[in-house]
Amino acid sequence: IKKKKIHNAAEEPRVLCIIQDITSAKTVNERLTLNLPASTTLAKLYEDVAHKAGYVNGTFDLAWGNTPDMTPLDHNSEMSLSDSEFEPGGKRNFLQLTDKDGEQPQIASVTDSSGLDDSSQERFIGPLPRDGSAGCSGDYSSPSYSYSSILNKSDTGYVGLVNQAMTCYLNSLLQTLFMTPEFRNALYNWEFEESEEDPVTSIPYQLQRLFVLLQTSKKRAIETTDVTRSFGWDSSEAWQQHDIQELCRVMFDALEQKWKQTEQADLINQLYQGKLKDYVRCLECGYESWRIDTYLDIPLVIRPFGSSQAYGSVEEALQAFIQPETLDGPNQYFCERCKKKCDARKGLRFLHFPYLLTLQLKRFDFDYTTMHRIKLNDRMTFPEELDMSPFIDVEDEKSPQTESCTDSGAENEGSCHSDQMSNDFSTDDCVDEGICLDSTSSSERMLKPKSLLTFELFSVMVHSGSAAGGHYYACIKSFSDGQWYSFNDQHVSKITQDDIRKTYGGSSGSRGYYSSAFASSTNAYMLIYRLKDPSRNAKCLSVEDFPEHIKKLVQKEKESEEQEKRQREIERNTCKIKLFCMHPVKMMMESKLEVHKDKTLREATEMAYKLMELEGVVPLDCCRLVKYDEFHEYLERSYEGEEDTPMGVLLGGVKSSYMFDLLLETRQPDQVFQPYKPGEVMVKVHVVDLKNETIATPVSVRAYLNQTITEFKQLISQATGLPAETMRVVLERCYNDLRLLYVPNKTLKAEGFFRSNKVFVESSGSTDHQVAFTDSLLWKLLDRHGNTIRLLVLLPEQSPGTLANRTLCQKVGGDSDAAFEGSKGNRKSVETILEESTKKLKNLSLQQQHQGSSASDSQKSSDASDFEHIESPTQEADSNSSLCVAADNRELENRIRATAGSSGGASSDPDNHFACEERSDSEVNNDRSTSSVDSDILSSSHSSDTLCNADSGPIQLANGLDSHSITSSRRSKAHEGKKETWDTAEEDSGTDSEYDDNGKSKAEAQYLYFRAEPCSQDDSFGLVVHVDKRITLAAFKQNLEPYVGVTSTQFKVFRVYANNQEFESVRLNETLSSFSDDNKITIRLGRALKKGEYRVKVYQLLVNEPEPCKFLVDTVFAKGMTVRQSKEELLPQLKEQCKLDLSIDRVRLRKKTWKNPGTVFLDYHVYEEDISISSNWEVFLEVLNEPEKMKSMSQLAVLTRRWSPATMKLGPFQEVILESSSVEELKEKLSEISGIPLENLDFAKGRGTFPCDISVLEIHQDLDWNPKVSTLNVWPLYICDDGAVVFYR
């Protein structure tokens, strides 16, 4: 194997680079592939890529393709690929070829490539075969569009717009407006007054800026964020696809508002507004009533309503738009002249076309069979020149004040009802925009519009996708050269007439062009035509002809672009690296050092010094920067003699991220920095003092991985002064993994040392080293050290044990006999009794401990008492003997007497042996085997307590998550009438394996470390507790008894999380392993739950209130209790705390899932047998107006609500009780309460969370009315439980 390695090393590894050119739409799907020697420099890589891609070197950048940070690789770097994070050996390195400074790469002139030397030629692997579909799934650049030529921005001369998120529709509209000379010039002529308004919110000003950039910028594409910000959109609105026509109107409205008092005041109307007449003409007398409407665009129907055949062309659709309809039969029109209903003709007539004619093709429709929005992809042709003269109503161009009657029959008869005339339409209106006609002879009138009404197409907005969403882009003709261009977000390219024809839609006539579903959905959506009128047709202003204020704006934008470019250049040359510093005052600090690559190490150190605020704390010459690995806390190397080396060289170039950090190291003026050499490992050495059982803070030592253990001991000996001969060294490789290093000639590497290591050394020469390591005192001390955590415990303010008594309990390592010595006052007699019983109990607990340890020799940490005092006087005391000062002296005396008198001090009451255990609801729940539950419940019973352990995380789960409730099974149960149980041992025999026969936790038999010291924090009394985190909560609570002053059953433990949320810890047999150093715990007085009890939150259900869920009380339910018993206990509590005086027969309890009311609990249901209950359970209480009608599990309670379409109102909720799951019964009951005949009654299930709110505007189409099912428990109703909401009408 060795030979093989050497042989491969002789051959230089190669680096495979795959480069995606993202500078234009044409190249984005191509990949360039180069396979280069690893020693190739970055500068050479740029040369090779330039040659391969056909670009001029230096006009493009290369950046890593798989990182969000697009920092380019250095053009001039002589660093090799292998040093620049390229991976050799066949691994693919993805790069992206991007614009340099926002400008497209220059194409190199074609030269003869035969001049290349052989070595460089053999490097190239030809481009991968182009895959037409690659990369187009996510973007709609539609590569199947074979535009005849895609040219660079510099060639087309046009600038693209960056798509912010879903703003392609906006980009299409902006480019169309920009390419409209009349609009652009008018916008340039308007001058922004900064004194009058904020430039950020001014739409015309931001449009003006954007147009200036589109005309003058050197970038390939520019951002539209400033424009959208001026609309008042936040970034989230950029993610919504607005309708392009709707957006157009919003923008025009905003411009009209801003331009009110300026010469542009009527610009939008002058350019885009036309007029049409909406008329009704009586076919008997010829009387006509009409009104004049204005329009900004003409909506054209693609496919007539109810027809499967679409209109073939825009001209056909326009003809249909003005085609009148006849009102006859029941639709007759009441004629004011005839004074009766007559047949009439109703229709629209164009009176006047705007200069810029916008046609909207109504491709989005609603399918009434599927009730979904759809897109119509039918083919609809549109001409390049559109003659609108056939569609104008010449007759109406006369002054509308006149009435004319001819005798050529009712059809041509025109009459006008002048009262209905629109106020703003008078003779004067007929002369604007040069399209309207004067009252010359009829023949002239017919000729003139023909020449004046020819419109030329200049913008086609294309939509590609479905009704649910898609992509917009624009095909626009430039009026300066007549060339068509595709403006597709940032890509602008030349296209041909043929490409325009491809946007007609449909599949006919394009010879299989629309082979894929994606392509067939690409079609024209909006067409904009301009009137051909040489007197009005304008050209866009050139830069030289700009008004003065625009020239200033151009200069301003140019300067900001230059500034941005300079900033990018600085960014490109700036190394950004994480910096750490062990600050003498503020401890470990973290920051980011941003330093130019040409700055020296000395300058960088000074920057870091200021950044870490060390001025005035440490002198600058006592600081240095070293290479550091924060994750392993490893100092890799120092930079001696490199003070004048540029940072770019030291850090290996400018990178988007570094595999290491920097540490600003400080020293005392009298100390000397030691050099850190690469290849050394760091070792933190903790000296252990066995006699005093202490572990010192670490000393740092640097070693080499090839050193032997003997050499390593010598090194430690020098650093600590301990003799190497008797030294024991223990390596802690990871948590609870201690390894004694005893083989003298084994290397550190072989022992598992890494970059950063932690060792413990002891050199007392005591006999402890003669025993096996895992039995030694050293092992026990280190094991305890590794598992001990420091907790901050906040005690209750009015604890029965007074402060004086508490301080007596806090003798660290004190003897329990002395624990209560010196109490004052009338407590004297109690304490005398306490002392005697304490001795007895201590003897008892020592016996127990002895038995426990002998029984579990295999457990290494069992009998720890040989080096540790029993520090808590009540460590093993039985719960019934409270060894602390209780509130009631007499009660305490009786309790102590009872305890002393009972057999051996152990509780003789079998039912009470859990008295000290706050055996929580969730634990009892874990003993699934003991509950008798339906078989079909058990199938779904992934016991929810795993979710509901309030201790395990800061988020309390809504109790709706308990899947093993009676809900799922209640219906089947009613029909089967049988109940299955699990055949297992009874709970009383102690099914929980964590407990032994006496109900004591087995883990308590092992002594685990506990030490408490008083501390005061925020004016409240607290303890700092050092405890072995393998201790159970039960033992932990017992250890706390003397400090709290009551037995563990009388207080509760709450864990405090970062946001000060508190959750009760209730699982007594769980350890503290989820806790870590400095976690906070709050102790609260109050009865801890007994075995089989549950804390329950009761909420009132108020179905017809705006807030249907109102919290009432916290209470306790017990296993085996019936629902009626729980109601009996609850009612007095409600009377006292909530002033609710309720009758037991007018109250029901029901399941609460989040805010949804669920199963109604019947009086005879038993908790834990019929009703599954869990920790922090929640339940609804509902006050009834009449006695409970729900008597059986087979009934179903449904909440119904009447919807009246006539008044658009929803009635209140009414409960309906069903005897079965039949739809027929539900309809009968609804008919009964509402009076609606059965055949006229519709119903639908409500959606979402109770109360299933729905808008009265949407209720008609959003709900599934009258589903075709006969039972309620099937799709789409799924009403299987109480509490479902049903709307009816």
Using ring centroids (six-membered ring only for Trp), state whether Phe487 and Tyr473 fall under 6.0 Å. no
Salt bridge (charged side-chain N to carboxylate O under 4.0 Å, His left out) pairs, two or more places apart, involving residues 456-483: Glu384-Lys477, Glu456-Lys477
Between atom CH2 of Trp190 and atom CD1 of Ile550, what is the distance when rounded to the nearest 0.5 Å? 9.0 Å
Can you tell me how far CG of Asn189 sits from CZ of Arg184, rounded to the nearest 0.5 angstrom? 12.5 Å
Before giving the answer on side-chain contact (heavy atoms from CB on, under 4.5 Å), spell out for Phe382 and Val460 the whole-Å C-alpha distance, their side-chain angles and the decisive distance to 0.1 Å. CA-CA 10 Å; Phe382 45 86; Val460 179; 4.0 Å; yes
With a 4.5 Å cut-off on side-chain heavy atoms, are Thr224 and Leu174 touching? yes
Within the distance-only criterion (no hydrogens, no angle test), does the side chain of His471 pair as donor or acceptor with the backbone N or O of Asn488 below 3.5 angstrom? no
Quick one about Thr503 and Tyr525 (side-chain donor to acceptor, distance below 3.5 Å, no hydrogens or angles considered), yes or no? no
So, taking the atom named CG in Leu296 and the one named OG1 in Thr358, what distance separates them when rounded to the nearest 0.5 Å? 7.5 Å
Would you call Arg363-Asp378 a salt bridge at under 4.0 Å N-O? no
Is a donor on one side and an acceptor on the other found under 3.5 Å between the side chain of Ser230 and the backbone of Val227? yes
Under a 4.5 Å cut-off applied to non-hydrogen side-chain atoms, are Gln360 and Ile298 in contact? no
Arg209/Glu557 salt bridge by N-O under 4.0 Å criterion: yes
Are side-chain heavy atoms of Ile302 and Tyr311 found at a separation under 4.5 Å? no
Heavy-atom distance under 4.5 Å between the side chains of Asp278 and Lys346, does that happen here? yes
Could you verify whether a donor N or O on one side chain and an acceptor N or O on the other, from Glu182 and Thr180, lie under 3.5 Å apart? no
Heavy-atom pair with the smallest gap, counting every atom of Thr176 and Ser459: OG1-OG, 3.1 Å
Closest approach of Glu315 and Leu386, non-hydrogen atoms and distance? CG-CD1, 4.1 Å
Is there a donor-acceptor contact under 3.5 Å from the side chain of Ser521 to the main chain of Gly465? yes
Might you work through the side-chain contact (heavy atoms from CB on, under 4.5 Å) test for Val462 and Tyr472, ending with a clear yes or no? CA-CA 6 Å; Val462 181; Tyr472 289 96; over 6 Å; no
What pair of heavy atoms forms the shortest contact from Leu553 to Tyr205, and how long is it? CD1-OH, 3.7 Å
Determine whether a donor-acceptor pair (N or O, by modelled atom type, separation under 3.5 Å) exists between the side chain of Arg220 and the backbone of Thr23. yes
In terms of heavy-atom contacts, does CD of Gln497 have more than 12 from other residues, nucleotides or ligands at under 6.0 Å? yes
Contact summary for Tyr188 and Leu541, nearest pair of heavy atoms: CD1-CD1, 4.1 Å
Aromatic rings Phe366 and Tyr368: how do their planes relate, parallel, tilted or perpendicular, breaks at 30° and 60°? perpendicular
Using every non-hydrogen atom in the two residues, find where Lys539 and Pro181 come nearest and quote the distance to one decimal. C-CB, 3.8 Å
Give the intermediate values and the outcome of side-chain contact (heavy atoms from CB on, under 4.5 Å) for residues Tyr485 and Ile495. CA-CA 5 Å; Tyr485 296 92; Ile495 53 172; 5.6 Å; no
Charged N-O contact under 4.0 Å between Lys277 and Glu288: yes
Atom pair CG/CG of Leu531 and Asn537 - distance to nearest 0.5 Å: 7.0 Å
Distance under 6.0 Å and angle within 45° of the ring axis: does Arg536 meet both against Tyr355? yes
Spacing of OG belonging to Ser202 relative to CG belonging to Asp226, to within rounding of 0.5 Å: 12.0 Å
Might you work through the side-chain contact (heavy atoms from CB on, under 4.5 Å) test for Leu161 and Asp489, ending with a clear yes or no? CA-CA 5 Å; Leu161 293 173; Asp489 290 337; 5.9 Å; no
Can you check whether Leu177 reaches Phe211 side chain to side chain, under 4.5 Å on heavy atoms? yes
Run the ring-centre check on Phe350 versus Phe321 and record whether the distance is less than 6.0 Å. yes
What orientation do Phe183 and Phe252 show, parallel under 30°, tilted 30 to 60°, or perpendicular over 60°? tilted
Distance (rounded to the nearest 0.5 Å) between Tyr272 OH and Tyr295 OH: 14.5 Å
Minimum heavy-atom distance Pro354-Leu271, with the two atoms named: CB-O, 3.7 Å
A quick test of your reading: do over 12 heavy atoms of other residues, nucleotides or ligands sit less than 6.0 Å from NZ of Lys551? yes
Would you call Leu207 and Leu187 a side-chain contact if the rule is heavy atoms closer than 4.5 Å? yes
Quick one: are Thr496 and Trp484 in side-chain contact, heavy atoms under 4.5 Å? no
Do the two ring centres, one from Phe455 and one from Tyr529, sit under 6.0 Å apart? no
When the ring centroid of His463 is compared with that of Phe364, is the distance short of 6.0 Å? yes
Please tell me if the side chains of Phe546 and Val554 come closer than 4.5 Å, counting only heavy atoms from C-beta onward. yes
Ion pair Asp365/Arg373, N-O distance below 4.0 Å: no
Can we say Arg291 and Asp293 salt-bridge, meaning some charged N sits less than 4.0 Å from an Asp/Glu carboxylate O? yes
